[in-house]
Amino acid sequence: MKAPKSTLPPDFYQRVFELVRTIPRGRVTTYGHIARTLGLKSSARLVGYALTLSNQMGFDVPAHRVVNRQGLLTGKMHFGGPEVMADLLRAEGIEIENDQVQDFKRLLWDPASP
DNA sequence: ACGTTGACCTATA
DNA sequence: GTATAGGCCAACG
């Protein structure tokens, strides 16, 4: 059977964009969940890198809805401003305190479990 | 070509 | 519950 376990699919970036776009407004998810959904159980860093490219390229991807496992806005510095990410999340009704999502576990949204 | 960096995660103590 | 260490893979210098 086929199982050429490619380390990284060529459509990996596009895959991440599509999945992030499915995140509902007012909800957040983590890099690990996205990586697992795409099959990259270990390589959540690649997910972050993909989102970085999306921001640099100006893709319409709500990357501000993606945070790390702790619910911390680790990539706030890549949004062109340290307060941009927090402001975007606040605009969606999410409370941010010290670059950290409040009620993170409650707002957490699983891409494979809507 | 080699070494380092990076929007991370899981496991162990 | 927190703290530390290791792994993971791709892109950049």
Side-chain angles (χ1 to χ4, degrees):
Chain A
M1 308 214 293
K2 96 140 220 220
K5 233 188 129 225
S6 334
T7 42
L8 188 93
D11 300 47
F12 170 66
Y13 299 103
Q14 195 155 348
R15 214 85 209 220
V16 176
F17 301 149
E18 295 244 350
L19 189 57
V20 173
R21 267 186 207 175
T22 43
I23 301 174
R25 179 183 170 284
R27 278 293 172 82
V28 286
T29 188
T30 70
Y31 305 97
H33 283 242
I34 296 173
R36 274 198 177 191
T37 306
L38 298 179
L40 297 147
K41 5 189 204 173
S42 348
S43 287
R45 292 186 142 175
L46 280 290
V47 179
Y49 206 88
L51 291 174
T52 303
L53 295 175
S54 85
N55 263 308
Q56 293 234 327
M57 292 178 111
F59 274 81
D60 295 316
V61 178
H64 57 268
R65 289 176 191 159
V66 186
V67 294
N68 72 337
R69 249 292 189 208
Q70 298 179 358
L72 193 71
L73 284 62
T74 48
K76 62 166 189 178
M77 49 163 89
H78 287 271
F79 276 83
E83 298 262 311
V84 178
M85 191 172 184
D87 194 51
L88 283 167
L89 289 170
R90 280 180 184 174
E92 307 218 337
I94 301 176
E95 289 183 52
I96 308 297
E97 186 94 3
N98 195 7
D99 299 327
Q100 191 171 315
V101 179
Q102 301 303 304
D103 297 317
F104 165 67
K105 198 181 179 185
R106 199 178 64 147
L107 296 172
L108 180 59
W109 178 79
D110 202 315
S113 220

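Lettering follows sequence order; numbering is per chain, from 1. Worth knowing before you read on, the calculation uses all heavy atoms, side chains too, and leaves out hydrogens, waters and symmetry mates. Everything quoted here is computed from the prediction, not taken from an experiment.
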When you measure from the side chain of R21(A) to the backbone N and O of P62(A), does any donor-acceptor pair fall under 3.5 Å?
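Not confirmed, R21(A) side chain does not pair with P62(A) backbone.
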
Rounded off to whole Å, could you give me the CZ-to-P distance for the R15(A) and dA10(C) pair?
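Roughly 17 Å, once rounded to whole Å.
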
Q70(A) has an atom CD; how far is it from atom P of dA3(C), in whole Å?
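Between P of dA3(C) and CD of Q70(A): 11 Å.
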
For dA1(B) and dC12(C), measure between their C1' atoms and round to the nearest Å.
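Looking at atom C1' only, dA1(B) and dC12(C) are 14 Å apart.
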
Using atom P in both nucleotides, what's the gap between dA7(B) and dG6(C) to the nearest angstrom?
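To the nearest whole Å, 22 Å.
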
How long is the gap from [atom1] on [X] to [atom2] on [Y], to the nearest 0.5 Å?
| X | Y | atom1 | atom2 | value |
| --- | --- | --- | --- | --- |
| L46(A) | F12(A) | CG | CZ | 5.0 Å |
| L51(A) | H64(A) | CG | NE2 | 11.5 Å |
| Q102(A) | L89(A) | CD | CG | 12.0 Å |
| E97(A) | D103(A) | CD | CG | 11.5 Å |
| R65(A) | I94(A) | CZ | CD1 | 8.0 Å |
| Q14(A) | L19(A) | CD | CG | 13.0 Å |

Among residues 73-109 of chain A, which residues get a heavy atom nearer than 4.0 Å to DNA chain C?
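Output list: empty, so none.
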
Near DNA chain C, which residues from residues 46-69 of chain A have a heavy atom under 4.0 Å away?
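L46(A), Y49(A), in order of number.
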
For atom CD of Q100(A), decide whether the heavy atoms of other residues, nucleotides or ligands shown that lie under 6.0 angstrom number more than 12.
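Yes, the 6.0 Å shell around CD holds more than 12 heavy atoms from other groups.
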
Take atom CD in E83(A); do more than 12 heavy atoms of anything else shown fall under 6.0 Å from it?
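It does not: E83(A) CD has 12 such atoms or fewer within range.
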
How would you label the contact of Y13(A) with the nucleic acid (heavy atoms, under 4.0 Å): base, sugar-phosphate, or nothing?
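Here Y13(A) touches the backbone only, sparing every base.
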
Restricting to side-chain contact (heavy atoms from CB on, under 4.5 Å), what partner residues turn up for Y13(A), sequence neighbours left out?
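Y13(A) satisfies side-chain contact (heavy atoms from CB on, under 4.5 Å) with F17(A), A50(A), L53(A) once adjacent residues are dropped.
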
Between R27(A) and E92(A), does any side-chain N to carboxylate O distance fall below 4.0 Å?
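Between E92(A) and R27(A) there is no salt bridge, as every charged N stays at least 4.0 Å from the carboxylate O atoms.
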
Donor-acceptor contacts, no H, no angles, side chain residues 72-82 of chain A, under 3.5 Å, sequence neighbours left out:
| residue | atom | partner | partner atom | Å |
| --- | --- | --- | --- | --- |
| K76(A) | NZ | D99(A) | OD2 | 2.6 |

T29(A) side chain reached by P111(A) side chain, heavy atoms, under 4.5 Å:
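Answer yes - side chains close enough.
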
Contact boundaries on DNA chain B for chain A, cut-off under 4.0 Å to non-hydrogen atoms
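Range of nucleotides touched by chain A: dG6(B) to dT10(B).
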
Could you run through DNA chain B and flag its stems, i.e. three or more consecutive Watson-Crick or G-U pairs with both distances under 3.5 Å?
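Stem list for DNA chain B: B:2-6 with C:9-13, B:8-13 with C:2-7.
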
